[in-house]
Amino acid sequence: MKKVIDKINDLVKDKFEKCGYDRKYGFVTVSNRPDLCQFQCNGALAAAKEYKKSPRDIANDVFGELKDIEIFQDISIAGPGFININITDEFLTNYINDMYGDKKLGTSENEDPMTIMIDYGGANVAKPLHVGHLRAAIIGESIKRISRYLGHKVIGDVHLGDWGLQIGMVISEVKRRNPDLPYFDENFNGEYPEKAPFTIDELEEIYPAASKLAKSNEDAMKEAREATSKLQKGHRGYLALWKHILNVSVADLKKNYGDLNVEFDLWKGESDCRHYLDEMITYLKDNNYTEESEGALVIDVAKEDDKQPIPPFMVLKSDGATLYSTTDLATIWERVNDYDPNEIIYVVDKRQGLHFEQVFRCAKKTKIVNEDLKFDFIGFGTMNGKDGKPFKTREGGVMRLRDLIDIIKDNVKDKLRNNDSFTAEEMDEIARKVGLSALKFGDLSNQVTKDYVFDMDKFSSFEGKTGPYILYTVVRIKSILRKVDVDKTSNIINPHSDIERDLMLSLSKFNEVVESAFIDKAPNKMCEYIYEVANQFNKFYHNNKMITEENMEKKMSWINLSNLTKDVLETGLDLLGIEAPDRM
RNA sequence: GCGCCUGUAGCUCAGUAGGAUAGAGCAACGGACUUCUAAUCCGUGUGUCAGGGGUUCGAAUCCUCUCAGGCGCGCCA
């Protein structure tokens with residue numbers, strides 16, 4: 001469906017053109033002075049310079065053409081040349097009815113869908129998820145859902161860290177503890193055990209211990225490097241052990257991401273590109289992209305107009321081993337080969353910006369990707385505590401994600417109204433949903449690139465611009481809908497009050513907001529929007545008693561309007577990765 | 001040292017093709033419940049948009065300098 005704003009834009013642009021001005025000056029936006037009008041066009045002011053006429057005169061020219069357009073209720077020129085527009089209730093109501101009857105609530109599926117890959121996990125094998133992974137997961141999930149809603153083919157990849165030094169650390173630590181395991185017996189030719197020699201809990205203890213040791217002990221670090229190198233070269237026992245690490249970890253990670261309602265289409269990792277490494281490195285060498293520098297194999301990616309010196313892209317370390325830049329590049333090679341995407345989006349901590357700039361430049365320079373493949377780096381900011389410093393546990397450690405979820409769930413549980421009609425299980429499920437809404441809405445309502453303060457009490461509050469407030473609004477609507485029979489075939493009729501009209505206007509912006517959130521990769525726009533809708537609905541709710549309304553036509557119209565509001569809110573929430581309960 | 005990002009109300013944050021009087025939420029105070037879930041709604045106040053200079057009819061928004069904070073700058077990811 002065509003957006004309300006687009007219809008108005010087309011009309012006004014046509015008239016600008018008809019009057020001899022460039023179409024672009026007919027640009028209409030939602031009014032920033034809702035007290036004066038619903039929509040505004042500031043083009044006359046902008047056009048004044050080009051046509052050397054007073055903006056007021058230009059506005060008057062166009063006004064002559066605009067004043068008889070049917071869908072405009074009233075239109076006027078204000079101040080230096082603003083054109084203020086209100087649309088008719090008929091036009092608005094028609095649109096709302098069309099939207100109500102449309103599964104996609106007025107958004108049009110993209111005619112020319114893109115294949116978009118989103119890389120947004122970044123979890124490391126053998127390490128528990130912690131708060132640092134939270135933002136990537138929920139921002140990436142939201143961008144994935146928004147893109148998909150608009151009809152694009154979207155592939156979300158967790159891109160596990162499963163091939164780097166941390167694996168070598170774990171392997172060498174396991175060896176220190178259990179040197180007799182067959183994985184370390186160079187003469188072992190039999191089948192390796194099917195059962196992993198550790199549980200997830202043990203694994204999560206092994207890694208930090210190994211990491212700590214390697215930092216202080218040079219020999220341990222050397223062993224870890226050697227183990228990494230051996231693994232990467234295909235050591236049979238190490239590969240078998242590595243698969244255990246992977247399996248045990250992935251099972252746990254799936255559960256944890258699942259608890260967050262974050263779902264990946266691909267559970268690939270850095271290791272998956274290993275089959276392409278030789279081929280790629282040969283390609284890079286054969287085409288003379290590489291050079292040797294300080295013992296390492298590098299590719300120069302500096303450009304003349306760089307404001308700062310860009311270090312060369314590193315293909316192989318001086319010991320011949322690959323590193324993250326190599327696997328990131330090879331992963332692109334693999335993705336182009338397997339999925340041929342139009343765009344690859346990286347949702348990663350913004351501190352990795354320079355690294356990815358190098359990777360992108362290298363991929364383009366070496367023609368591993370076409371010029372028209374779009375790389376998008378979405379670097380998110382740090383989640384800070386109330387002290388403005390990176391969020392930590394009370395003891396100063398890194399907080400695990402599952403602990404954070406439990407804490408916020410408990411926090412919400414305390415605030416939920418006691419209701420005997422809920423069983424303990426229902427209560428728990430409600431607390432989970434409300435808690436997640438608090439966490440996600442609190443995060444996503446901030447601009448992605450900025451650092452933000454994680455304030456548990458603020459996010460989990462049931463008042464104000466929070467997830468729980470929006471869920472409450474949805475629950476409220478569901479409660480009404482349970483009490484009446486909804487007849488979706490009866491129409492929503494013209495608004496009976498300013499408040500009702502404002503609600504309809506807000507609802508009519510839905511498709512526009514989805515698109516704008518997609519273009520800017522900005523879930524916070526969706527947060528802002530659903531808050532506005534929830535707020536408008538609550539005003540409406542307060543002013544009109546629907547169930548006791550005696551005029552049936554009016555009553556059904558209101559019920560349907562509420563039902564549409566619910567759809568818009570739930571869809572908006574879903575695009576943020578948030579679910580609403582039926583009752584709370 | 002070089003580079004990137006950030007600085008908006010007491011607090012947490014929105015606000016880009018440059019536009020009218022810079023907006024929300026929280027906190028504070030006052031009001032509205034024989035409820036369709038008051039977990040709501042209504043009302044009241046709040047600003048050198050870090051600072052200086054510039055471009056423009058018009059700047060939180062564009063340019064420039066200064067200050068403050070955060071981050072990054074080849075063999076970790």
Side-chain angles (χ1 to χ4, degrees), chain A residues 24 27 29 31-33 35-36 40 42-43 45-46 48-49 54-55 78-82 84 122 124 161 163-166 270 293-298 306-319 321-325 327-328 348-355 357-358 379 381-382 384 386 388-390 415-417 419 434 442 445-447 449-453 455 457-459 461-466 468-469 471-473 475-484 520 524-525 527-528 531-532 535 538-549 558-559 562 583-584:
Chain A
K24 69 178 179 190
F27 192 87
T29 54
S31 170
N32 55 12
R33 289 290 304 276
D35 52 318
L36 299 179
Q40 65 184 50
N42 302 339
L45 289 91
K49 205 169 291 176
S54 97
F82 300 105
N84 291 347
N124 289 305
W163 202 236
L165 186 60
Q166 81 268 25
E270 293 175 313
S293 167
E294 296 171 35
L297 193 69
V298 302
D306 283 337
K307 285 187 181 166
Q308 64 164 329
I310 302 287
F313 178 90
M314 191 166 291
V315 182
L316 293 175
K317 298 194 281 188
S318 46
D319 66 359
T322 60
L323 68 169
Y324 66 120
S325 48
T327 54
D328 278 335
V348 190
D349 190 307
K350 68 180 172 190
R351 284 173 289 198
Q352 292 196 45
L354 179 58
H355 162 66
E357 176 63 25
Q358 290 178 279
T382 311
N384 289 329
K386 274 187 175 175
K389 292 177 182 163
K415 290 180 184 164
L416 282 169
R417 197 180 269 159
N419 188 330
V434 177
S445 56
N446 292 287
Q447 246 184 79
T449 56
K450 288 200 197 174
D451 295 349
Y452 78 103
V453 175
D455 183 336
D457 293 324
K458 177 186 158 197
F459 291 175
S461 168
F462 286 47
E463 289 155 31
K465 200 181 281 184
T466 66
Y469 169 85
L471 296 197
Y472 174 69
T473 308
V475 164
R476 219 176 195 189
I477 299 174
K478 286 181 175 177
S479 171
I480 292 176
L481 297 176
R482 269 195 298 272
K483 294 187 169 73
V484 294
D520 295 341
N524 69 308
K525 294 196 171 182
C527 292
E528 195 74 27
Y531 174 74
E532 177 194 313
N535 198 222
N538 279 320
K539 287 182 194 178
F540 167 75
Y541 174 91
H542 206 264
N543 269 273
N544 301 293
K545 295 289 174 204
M546 292 183 236
I547 288 184
T548 52
E549 173 59 42
W558 280 346
I559 295 294
S562 302
R583 294 193 298 161
M584 62 189 271

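Residue numbers begin at 1 in each chain, while the letters A, B, ... track the order of the sequences. We use all heavy atoms of the structure for the numbers below, so side chains are in, but hydrogens, waters and symmetry mates are not.
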Report summary line: The residue, A/Thr548 or A/Ser325, whose nearest nucleotide of RNA chain B is more 5′ is A/Thr548
Query raised in the report: With no angle test and no hydrogens, is the base of B/A20 tied to the side chain of A/Gln40 by a donor-acceptor pair under 3.5 Å?
Result: yes
Report summary line: Checking N1-N3 plus N6-O4 or O6-N4 for Watson-Crick, or N1-O2 and O6-N3 for wobble, each under 3.5 Å, the partner of B/C67 is B/G7
Query - Atom P, compared across B/A68 and B/C26: separation rounded to whole Å - result: 36 Å
Report task. Return the set of residues passing ring pair (Phe, Tyr, Trp, His ring centres under 6.0 Å) with A/Tyr472 (not counting sequence neighbours), or none when no residue passes. Result -> none
Query raised in the report: For every nucleotide of nucleotides 10-15 of chain B, 5' to 3': is a protein heavy atom under 4.0 Å from its base (B), only from its sugar-phosphate (S), or from neither (-)?
Result: --SSSS
Query - Nearest-angstrom distance, C1' atom, B/A9 to B/C67 - result: 22 Å
Query raised in the report: Taking only residues two or more places apart in sequence or in another chain, which ones pass salt bridge (Lys or Arg N to Asp or Glu O under 4.0 Å) with A/Asp35?
Result: A/Arg33
Requested in this report: Answer with base, sugar-phosphate or nothing: what part of the nucleic acid does A/Ser293 contact at a heavy-atom distance below 4.0 Å?
Outcome: base
Requested in this report: Check step by step if side-chain hydrogen bond (donor to acceptor under 3.5 Å, both in side chains) holds for A/Asn84 and A/Ser31.
Outcome: CA-CA 8 Å; A/Asn84 291 347; A/Ser31 170; over 6 Å; no
**Report entry** Side-chain donor/acceptor of A/Asp35 to base of B/A20, under 3.5 Å
**Finding:** no
Query raised in the report: Touch check for A/Ile310, heavy atoms < 4.0 angstrom, all strands: base, sugar-phosphate only, or nothing?
Result: nothing
Query - base_contact_polar (B/G74 base, A/Glu294 side chain, donor-acceptor, <3.5 Å) - result: yes
Query raised in the report: What is the glycosidic conformation of B/G70: syn, defined as within 90° of 0, or anti?
Result: anti
**Report entry** Set of residues satisfying salt bridge (Lys or Arg N to Asp or Glu O under 4.0 Å) with respect to A/Lys49, sequence neighbours excluded
**Finding:** none
Query raised in the report: Can you check whether A/Phe82 stacks with the B/A20 base, using ring centres under 5.5 Å and planes within 30°?
Result: yes
**Report entry** Euclidean distance for C1', B/G25 against B/U40 (whole angstrom)
**Finding:** 15 Å
Query - Donor/acceptor link under 3.5 angstrom from A/Ser461 side chain onto base of B/G25 - result: no
Report task. Not counting sequence neighbours, which residues clear side chain to side chain donor-acceptor pair (under 3.5 Å) with A/Lys545? List them please. Result -> none
Requested in this report: Apply salt bridge (Lys or Arg N to Asp or Glu O under 4.0 Å) to A/Glu463 and list each qualifying residue two or more places apart in sequence or on a separate chain.
Outcome: none
